[in-house]
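Worksheet: the structure to be examined is printed underneath.
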Amino acid sequence: MSSELIGVWIGAFLTLGIFSFLYKDNPFYKFSEALFVGVSAGYWFVVTFWQYFLPKLIDNLVLAYTVLTSQGRVDYHWVYLLGGGLGVLMLLRLFPTVGWLSRWSLAFIVGTTAGLQFTRYLESNGIKQVQGTILPLIVGGSLNTTVGNIVIVVGTFCGLIYFFFSKEHKGAFGGAARVGVWFLMITFGALFGYTVMSRMSLLIGRMDYLFQIWLGLY
Amino acid sequence: MQKKSHRCSRVVLAVFLLLLLLLLSVGVPNAQQEETTAVPEDTSAQAPAPPTNVKAYDTPNDNGHSITVTWTLSADDGAGRKNVVSYEVLRSASPDGEFELRGMAPAGENIFEDKGAKEKSDANYFPPHKDFYYKVRARSDGRYSESTVSAPAFAYGQWYHKGKTPVVVAVLLFSTFCLVFITVARKGKKLYIRPLAGIEAVDEAIGRATEMGKPILYILGLGSADMIATIASFIILGRVAKKTAEYQTPILIPCNDPIVMAVAQETVRAAYLEAGRPDHYKEENIFYLTSMQFAYVAGVNGIMLREKPATNFYLGKFYAESLLLAETGSLAGSIQISGTDEIAQIPFFVAATDYTLIGEELYAASAYLGREPVLLGTLKGQDWGKAAVMIALLLGALAATFHFQFFLNLFTVKL
Amino acid sequence: MSFYERMMNLDRRWIYLVIGLVVVVTAIWSFTVPLYVTPEVRSIYDYVESLMPGDVLMIGVDYDPSALAELHPMTYAITRQCFARNIKLLLCCLHQNGPGMVEQVIAEVAKEYGKVNGVDYVYMGYKPYPGITILAMGQNFRIPFPEDYYGTPLDSLPMMRNITNFDNVRAIINISAGSGTEYWINYANGRYNAKLAIGVTGVMTSDYYPFLQSKQIFGLIGGMKGASEYEYLAAKGGYISKEKDQLVASKSMPIQTTTHVVIILFIVVGNVGYFMSKRKKQG
Amino acid sequence: MRKTLPIAIVAGVGFFMLIQYFIPLEEFETLYEWALDWTMVIGCFAMALGLYSLTNVMVNKVRRKSPGWGYSLVALGGLVFMVFVGLVPHYQESLKYGTLFMDIFTYIYIPIQAAMFSLLAFYIASAAYRAFRARTILATILLVSAIIIMLRLVPLGPLSPINQWLVNFVLTVPNMAAKRAFWLGVGLGASATALKIMLGIERGYMGRD
């Protein structure tokens with residue numbers, strides 16, 4: 001039995017374990033689940049170590065140290081000590097008395113996110129979308145495009161009205177909000193229907209794995 | 001009431017069919033195009049006319065390591081002998097020194113950005129504040145004709161990116177809206193906000209868990225702390241945890257990211273402190289599971305079936321796992337409240353959970369739950385932002401209809 | 001509990017079972033579903049049918065093995081149709097990880113039909129920067145590709161004797177999993193007015209419909225479904241056959257169809273149960 | 001120090017990140033790159049914290065012999081083994097194809113992941129069955145739209161072209177409009193949240209003691 005064949009058997013065994021969950025929770029599934037969680041957490045830890053920790057921190061500090069010893073000058077790579085310091089603060093969470101120090105590191109991350117995403121969202125979700133919705137309402141020679149453009153502009157307009165929080169959805173305003181929800185519902189339905197095909201492809205792929213690769217039935 | 005909604009759905013179906021017929025009468029488009037077959041061009045073996053008027057200048061809106069070169073097309077590019085195939089851009093530190101090739105542009109193009117690295121150690125380092133001379137040559141089947149040398153230019157960095165002005169305007173406008181209404185709200189003016197079903201269900205859902213004596217499961221999604229949706233979820237978690245502290249209902253938070261776990265611990269601890277029950281806070285209930293999408297789902301599904309939480313919250317960033325979680329939760333008989341800004345996952349949450357916060361509602365939820373005037377002020381600011389967008393949409397549609405290109409340019413961000 | 005109420009509160013495991021059975025049964029007892037062929041796929045097939053033997057068609061194959069399942073069937077079906085009709089092919093690849101894979105396809109199909117490299121087809125290989133490459137090809141194929149994939153100068157290939165640029169190929173079909181398609185549309189069609197059709201992955205499909213409406217492309221094959229439509233046409237035309245296992249995309253389509261039908265039936269049954277049980281309550 | 005400094009850091013870093021977006025200068029670019037690198041470094045240390053949290057939960061379960069402790073042992077075993085075979089070999093060697101580390105990933109992790117993912121095929125069917133009832137107008141619209149899109153894979157004879165046209169229409173027109181409105185709303189909501197965070201209006205997530 002080759003190692004690949006053993007691999008296929010293990011894979012098939014675990015696949016069935018996951019599928020058995022469809023009937024009900026059982027030891028077979030619990031085993032697959034526990035193994036899955038453990039292996040994935042270990043995998044992610046190792047990948048983080050080799051691909052982020054080493055190149056982003058250790059390599060930079062080693063470089064700083066080499067420059068210091070070989071050329072006798074302090075170069076900018078030492079700033080990574082600060083980053084490392086913020087990281088070490090995270091580990092202080094393990095000790096209840098000094099754990100609050102980790103808030104500095106958390107604050108650094110949250111602050112970065114807030115500042116970066118503020119402009120990003122206004123640009124890509126705000127201005128770009130307005131730009132994309134600026135469409136001519138009358139397109140000469142194409143009734144199709146004309147109707148399409150008008151529906152898009154009206155739909156976007158009503159959809160935005162739906163998201164108003166500080167005004168009661170009553171009267172004409174409420175009517176427009178309702179039209180907005182209709183547009184949202186059409187889209188949600190369409191997205192649902194559109195996804196069925198790719199989900200079925202996944203199942204077909206697994207069935208192929210079980211029947212073709214594992215059992216060799218066809 | 002039921003009868004009415006019954007009739008309504010039939011009306012909708014009828015309208016749907018009518019619309020269908022109407023749209024059909026518009027006609028299905030038929031793609032057909034005239035074919036064009038041309039005789040191959042006669043490219044003579046002579047060198048093309050050289051490009052003229054070569055200009056070099058510092059590339060605007062950059063970090064100072066690039067120069068832009070422009071020229072007037074060769075007389076044989078697209079006209080005349082039609083034999084230009086490309087342009088080559090050459091650079092030198094002195095007008096009569098050795099020129100080196102910096103790059104190519106295809107025929108028809110009259111601009112090239114000579115860009116280099118900013119690190120001195122990089123082989124392609126582009127020194128700023130240093131004069132360079134450029135020339136451009138037209139190429140045709142191994143034959144070249146060179147332009148004259150340009151005037152010198154040097155690269156330098158800019159303090160402001162002019163292409164991003166629309167974003168500056170948006171930032172200022174939006175911040176002003178929010179700040180104005182925060183001030184108004186602080187002064188004690190009462191602001192109306194319309195009810196949201198998902199929010200009203202939160203209290204009920206926590207109450208139900210308390211009655212049943214079962215825990216609440218709160219899922220912060222698959223995002224890390226670098227996503228605003230996750231941060232919005234932290235804020236909501238603070239409000240929810242305060243209530244669970246008051247009711248003394250345990251709250252379980254398996255996390256997909258260790259930083260998210262740390263922030264969630266801080267949030268819940270603060271909420272318990274605020275509710276006056278710091279002794280009931282259990283850090284081990286907020287734990288890390290794994291960062292891999294489906295392994296995380298497998299673990300959470302296990303928790304749902306074995307701990308049987310009365311209520312599940314799914315708020316934050318969700319991807320394909322949304323339906324896996326929501327279906328298992330509904331199988332376990334939990335009340336489920338969901339919300340995300342990923343439009344592709346909303347349909348599954350709508351289908352499989354009891355209440356869904358759609359897009360912006362997720363971000364508004366914290367203000368709804370907090371009910372503090374300052375937060376309601378930002379909601380009002382958001383509404384004004386929407387109003388501004390709607391006005392821009394209408395004006396834009398009119399401008400596009402009557403071909404006022406300048407209005408469109410107002411919204412163009414040049415990166 | 002009435003029959004309808006029970007139907008409404010059906011244990012979901014029955015649904016799982018039905019879906020599982022339908023997939024397995026359809027896979028084993030395979031049958032063909034009469035597929036509706038969309039006009040945007042048919043127009044490509046019909047166009048290739050309208051070409052005369054000796055005409056040159058260009059195919060830009062811009063994907064790598066990760067999009068193989070959806071796009072490979074398109075490439076196979078079109079190359080087989082062309083070779084069977086003695087249409088000459090000019091190919092290039094603008095996707096970094098694709099060139100080797102394209103070579104395999106073309107070599108395999110050429111062998112089936114006894115076609116000769118350099119006479120019946122030319123594979124120019126890979127170049128980075130799709131935008132610049134396409135612009136340059138519009139001038140002359142020899143600028144970005146002085147030699148073909150195998151290192152032979154284009155000028156010494158008999159098929160290339162009268163071929164300079166896009167003007168000398170009848171049409172271009174771009175089969176792509178990435179943003180290269182935009183360049184083909186904007187440059188090959190936009191600037192050089194080449195007749196262009198595209199084949200793209202399922203998720204990209206809806207993004208490219210507007211180009212069909214504006215007639216910048218004359219055909220569009222979208223994802224697995226589009227591929228199976230093309231295979232259906234090619235099989236009907238006798239260019240590929242089920243016996244030789246050449247209908248790859250079509251193989252999973254009956255399963256897709258039956259599962260979709262079953263889900264729609266489920267929805268209908270659920271609604272019938274819902275309305276009937278409500279009527280009972282009211283009555 | 002405990003309460004105000006974190007809020008000050010959020011405001012300061014946030015403001016810097018906001019303005020650097022508009023300043024192309026090299027110095028700002030470098031600071032920005034450092035900040036991103038540091039968040040990654042913090043993430044690496046946090047990973048150790050996460051692993052501690054996970055093992056803590058598992059070990060406690062095993063020690064207390066709480067129900068299902070055997071499975072915790074399995075998970076612990078998988079974790080420890082993965083970390084061991086991943087870190088012991090030479091520098092980054094373990095991430096290459098063909099190592100024991102990658103074999104476990106390929107033959108254990110990948111099949112379970114694919115199986116988990118494919119459960120969605122069953123769930124999507126059951127969700128459609130239970131949720132798509134024409135209870136209200138909105139539910140009816142949702143249902144009709146989903147069915148129209150699903151019908152594109154079903155042979156309908158002469159009705160197929162009509163359906164295909166409808167599918168194209170739904171995907172290019174109402175779908176586009178709703179997505180735009182959705183994204184615009186999300187953009188404003190997310191920006192408002194970011195603003196609240198930077199201004200320190202929302203600070204409950206940063207602890208209170």
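In what follows, chains carry the letters A, B, and so on, assigned in the order in which the sequence lines appear, proteins first and then strands, with residues in each chain numbered from 1.
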Open item on the list: Within the structure provided, determine whether B/Lys386 and A/Phe164 are in side-chain contact (heavy-atom separation under 4.5 Å).
Closed with: yes

Open item on the list: Within the supplied structure, the quantity of interest is the number of heavy atoms (other residues, nucleotides, ligands) at a distance under 6.0 Å from A/Phe173 CZ; does it exceed 12?
Closed with: yes

Task: Spacing of B/Gln265 atom CD and A/Arg93 atom CZ [to the nearest 0.5 Å] - done: 5.0 Å

Open item on the list: Show the nearest heavy-atom pair for residues A/Leu137 and B/Thr401, with the distance to one decimal.
Closed with: N-OG1, 2.9 Å

TODO: Could you check which of B/Ile193, B/Asp226, B/Val263 has the highest count of heavy-atom pairs closer than 4.5 Å to chain A?
DONE: B/Asp226

Open item on the list: Using side-chain heavy atoms (C-beta onward) and a distance below 4.5 Å, is A/Ile134 in contact with B/Phe407?
Closed with: yes

Task: Test item: B/Asn301 and A/Tyr29 side chains (from C-beta on) under 4.5 Å apart, heavy atoms - done: yes

- [ ] Below 4.5 Å from any heavy atom of chain A, which atoms of B/Phe402 appear? Answer side chain, backbone, both or neither.
- [x] neither

TODO: Measure distances from B/Tyr363 to the heavy atoms of chain A and classify the residue's part below 4.5 Å as side chain, backbone, both or neither.
DONE: side chain

- [ ] Examine whether an atom of B/Ala367 lies under 4.5 Å from a heavy atom of chain A, and if so say whether it belongs to the side chain, the backbone or both; otherwise answer neither.
- [x] neither

TODO: Under 4.5 Å heavy-atom distance to chain A, tell me which part of B/Ala170 shows up: side chain, backbone, both or neither.
DONE: both

Open item on the list: Quick check: do B/Val350 and A/Phe192 have side-chain heavy atoms less than 4.5 Å from each other?
Closed with: no

- [ ] Examine whether an atom of A/Tyr43 lies under 4.5 Å from a heavy atom of chain B, and if so say whether it belongs to the side chain, the backbone or both; otherwise answer neither.
- [x] side chain

Task: B/Glu266 side chain reached by A/Leu106 side chain, heavy atoms, under 4.5 Å - done: yes

Open item on the list: For A/Arg120, which atoms come within 4.5 Å of any heavy atom of chain B: side chain, backbone, both, or neither?
Closed with: neither

Open item on the list: Using heavy-atom distances under 4.5 Å, tell me whether A/Leu122 contacts chain B through its side chain, its backbone, both, or neither.
Closed with: side chain

- [ ] Heavy-atom distances under 4.5 Å only: say whether B/Ile231 touches chain A with side chain, backbone, both or neither.
- [x] side chain

Open item on the list: For chain A, which candidate among B/Val169, B/Ile228, B/Leu196, B/Leu379 shows the most heavy-atom pairs at distances under 4.5 Å?
Closed with: B/Ile228

- [ ] Heavy atoms only, distances under 4.5 angstrom: which of B/Leu395, B/Ile346, B/Val389 has the most pairs with chain A? Name it, please.
- [x] B/Ile346

Task: Part of B/Phe294 lying under 4.5 Å from any heavy atom of chain A - done: both

Task: pair B/Val171-A/Thr119: side-chain heavy atoms closer than 4.5 Å - done: yes

Open item on the list: How long is the straight-line distance from CZ of A/Phe163 back to CD of B/Glu360, given to the nearest 0.5 Å?
Closed with: 6.5 Å

Open item on the list: Is B/Thr412 in contact with chain A via its backbone, its side chain, both, or neither, using a 4.5 Å heavy-atom distance?
Closed with: both

Task: Non-hydrogen atoms of A/Val37 and B/Ala295 that approach each other most closely - done: CG2-O, 3.6 Å

TODO: Mind checking the CG-CZ spacing from A/Leu191 to B/Phe348? Nearest 0.5 Å is all I need.
DONE: 7.5 Å

Task: Part of A/Ser105 lying under 4.5 Å from any heavy atom of chain B - done: neither

Open item on the list: Are the side chains of A/Phe188 and B/Ile358 in contact, using a 4.5 Å heavy-atom criterion?
Closed with: yes

Task: Residue among A/Thr48, A/Ile127, A/Ile109, A/Ile150 with most heavy-atom pairs under 4.5 Å to chain B - done: A/Ile127

- [ ] Could you look at B/Asn256 and say if it's the side chain, the backbone, both or neither that has a heavy atom under 4.5 Å from chain A?
- [x] neither

Open item on the list: Within the 4.5 Å heavy-atom criterion, are B/Met227 and A/Thr113 side-chain neighbours or not?
Closed with: no

Task: Residue among B/Phe411, B/Tyr192, B/Phe234 with most heavy-atom pairs under 4.5 Å to chain A - done: B/Tyr192

Open item on the list: Please identify, among B/Ala262, B/Gly299, B/Ala320, the residue contributing the most non-hydrogen atom pairs under 4.5 Å to chain A.
Closed with: B/Ala262

Open item on the list: Can a side-chain donor-acceptor contact be found between A/Tyr162 and B/Glu361 if the only test is distance below 3.5 angstrom?
Closed with: yes

Task: A/Asp25 CG to B/Met304 CE distance, which is reported to the nearest 0.5 Å - done: 12.0 Å

Task: Which atoms of A/Lys167 approach chain B - backbone, side chain, both or neither, heavy atom under 4.5 Å - done: backbone

Task: Check: B/Asp383/A/Ser166 side-chain N/O donor and acceptor closer than 3.5 Å - done: yes

- [ ] Please look at B/Ser175 and chain A and tell me whether the side chain, the backbone, both or neither of the residue comes under 4.5 angstrom of a heavy atom of that chain.
- [x] side chain

Task: B/Tyr288 versus chain A, the contacting section by heavy-atom distance below 4.5 Å - done: side chain

- [ ] May I ask you to check if B/Lys380 and A/Phe165 form a cation-pi contact, with NZ or CZ under 6.0 angstrom from the six-membered ring centre and within 45° of the axis?
- [x] no

TODO: Just give me the residue among B/Leu331, B/Ile343, B/Leu191 that pairs up with chain A most often, heavy atom to heavy atom, under 4.5 Å.
DONE: B/Ile343

TODO: Against chain B, label A/Ser40 side chain, backbone, both or neither, depending on which of its atoms sit under 4.5 Å from a heavy atom there.
DONE: both

